[in-house]
Amino acid sequence: QVHLVESGGGSVQPGGSLILSCAGFQFTTTRYCLGWFRRVPGRGREGVALIDYDGDEYYSKSVKGRLTISQDNIKKTVNLRMVSLSPEDTAVYYCVADLRSLCAQYYLSEPDQFAYWGQGTQVTVSS
């Protein structure tokens, strides 16, 4: 039902931009929360951006204003546009899905809320 596949990761210089994309949302429920988490080696998983069926968006403080999440209901993809990237954004980025409810701000701190995870895509920001 849900097999998430990320694409778009890569290497970029500080100040650069990337767009991540996630496909695999083959479901019909209207109660869902989709988004992106990231993991830095030695650190836990950090929620960065979420979007739900209503189109409400949620961001962590560390990325707000620089990352924008969007969903394409025709292509059934979720995208993450990232600008003004810094080395602190270097991480593996994971696409996530919760098919039980709409999003809430605190979900960014609750990785276990999300039953579905992609395999991850590496983003490296360095000069």
Side-chain angles (χ1 to χ4, degrees):
Q1 183 182 15
V2 181
H3 178 62
L4 305 178
V5 179
E6 303 97 337
S7 61
S11 296
V12 64
Q13 293 186 341
S17 302
L18 280 174
I19 298 177
L20 306 183
S21 185
C22 179
F25 302 101
Q26 303 300 325
F27 55 83
T28 57
T29 180
T30 59
R31 293 188 62 78
Y32 64 74
C33 177
L34 311 174
W36 296 87
F37 274 65
R38 66 186 181 186
R39 184 198 295 266
V40 176
R43 293 169 51 181
R45 294 170 290 181
E46 175 191 14
V48 294
L50 303 173
I51 190 167
D52 60 24
Y53 173 81
D54 288 346
D56 292 327
E57 301 171 22
Y58 302 84
Y59 299 93
S60 67
K61 291 181 180 179
S62 63
V63 305
K64 195 168 187 178
R66 300 187 300 113
L67 272 58
T68 303
I69 191 171
S70 62
Q71 58 184 327
D72 185 323
N73 291 326
I74 296 176
K75 296 181 180 179
K76 294 204 177 291
T77 60
V78 172
N79 300 314
L80 185 67
R81 181 172 181 266
M82 305 188 292
V83 301
S84 301
L85 288 166
S86 71
E88 288 70 36
D89 295 311
T90 295
V92 177
Y93 285 72
Y94 297 90
C95 180
V96 300
D98 171 18
L99 305 186
R100 300 167 298 172
S101 66
L102 302 178
C103 298
Q105 184 70 32
Y106 77 91
Y107 283 14
L108 290 166
S109 302
E110 298 287 343
D112 291 341
Q113 178 74 25
F114 299 90
Y116 301 97
W117 290 69
Q119 81 287 354
T121 185
Q122 177 71 46
V123 171
T124 302
V125 185
S126 70
S127 54

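Basis for what follows: all heavy atoms, side chains included, without hydrogens, waters or symmetry-related copies. What you see is a predicted model, and the numbers here were worked out from it, not measured in a lab.
Residue Arg81 qualifies as open at atom CZ: its count of foreign heavy atoms under 6.0 Å is 12 or below.
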Inset, instruction - Before giving the answer on side chain to side chain contact (heavy atoms under 4.5 Å, CB included), spell out for Trp36 and Leu67 the whole-Å C-alpha distance, their side-chain angles and the decisive distance to 0.1 Å. - result: CA-CA 11 Å; Trp36 296 87; Leu67 272 58; over 6 Å; no
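Salt bridge status for Asp54 with Arg31: absent, with no side-chain N to carboxylate O gap under 4.0 Å.
Between Phe37 and Phe114, the ring centre distance stays below 6.0 Å.
Annotation for Arg66 and Ser84: closest pair NH1-O, 3.1 Å, computed over non-hydrogen atoms. Of all heavy-atom pairs spanning Thr30 and Leu102, the tightest one is O-CD2, 3.8 Å. The shortest non-hydrogen separation linking Val48 to Val63 is O-CG2, 3.3 Å. Between Gly8 and Leu18, the shortest heavy-atom contact is O-CD2, 3.9 Å. Shortest non-hydrogen contact noted between Ser101 and Gln113 is OG-NE2, 3.8 Å. The minimum heavy-atom distance linking Val40 with Ala91 is given by the pair CG2-CB, 3.8 Å.
Remark: side-chain polar atoms of Gln13 are not paired, donor with acceptor, to backbone N or O of Val125 under 3.5 angstrom. Judged purely by atom type and a 3.5 angstrom limit, Glu6 has no side-chain atom pairing as donor or acceptor with the backbone of Thr121.
With sequence neighbours excluded, the residues satisfying salt bridge (charged side-chain N to carboxylate O under 4.0 Å, His left out) with Arg100 are Asp98. Residues satisfying the side-chain contact (heavy atoms from CB on, under 4.5 Å) test with Leu108, not counting sequence neighbours, are Leu50, Tyr58, Gln105. Contacts of Asn73 classified as side-chain contact (heavy atoms from CB on, under 4.5 Å), with partners at least two apart in sequence or in another chain: Tyr32, Gln71.
Partner of Thr77 under the side-chain contact (heavy atoms from CB on, under 4.5 Å) criterion, chosen from Cys95, Cys22, Ser21: Ser21.
A donor-acceptor contact under 3.5 angstrom links the side chains of Ser62 and Ser60, judged on distance only.
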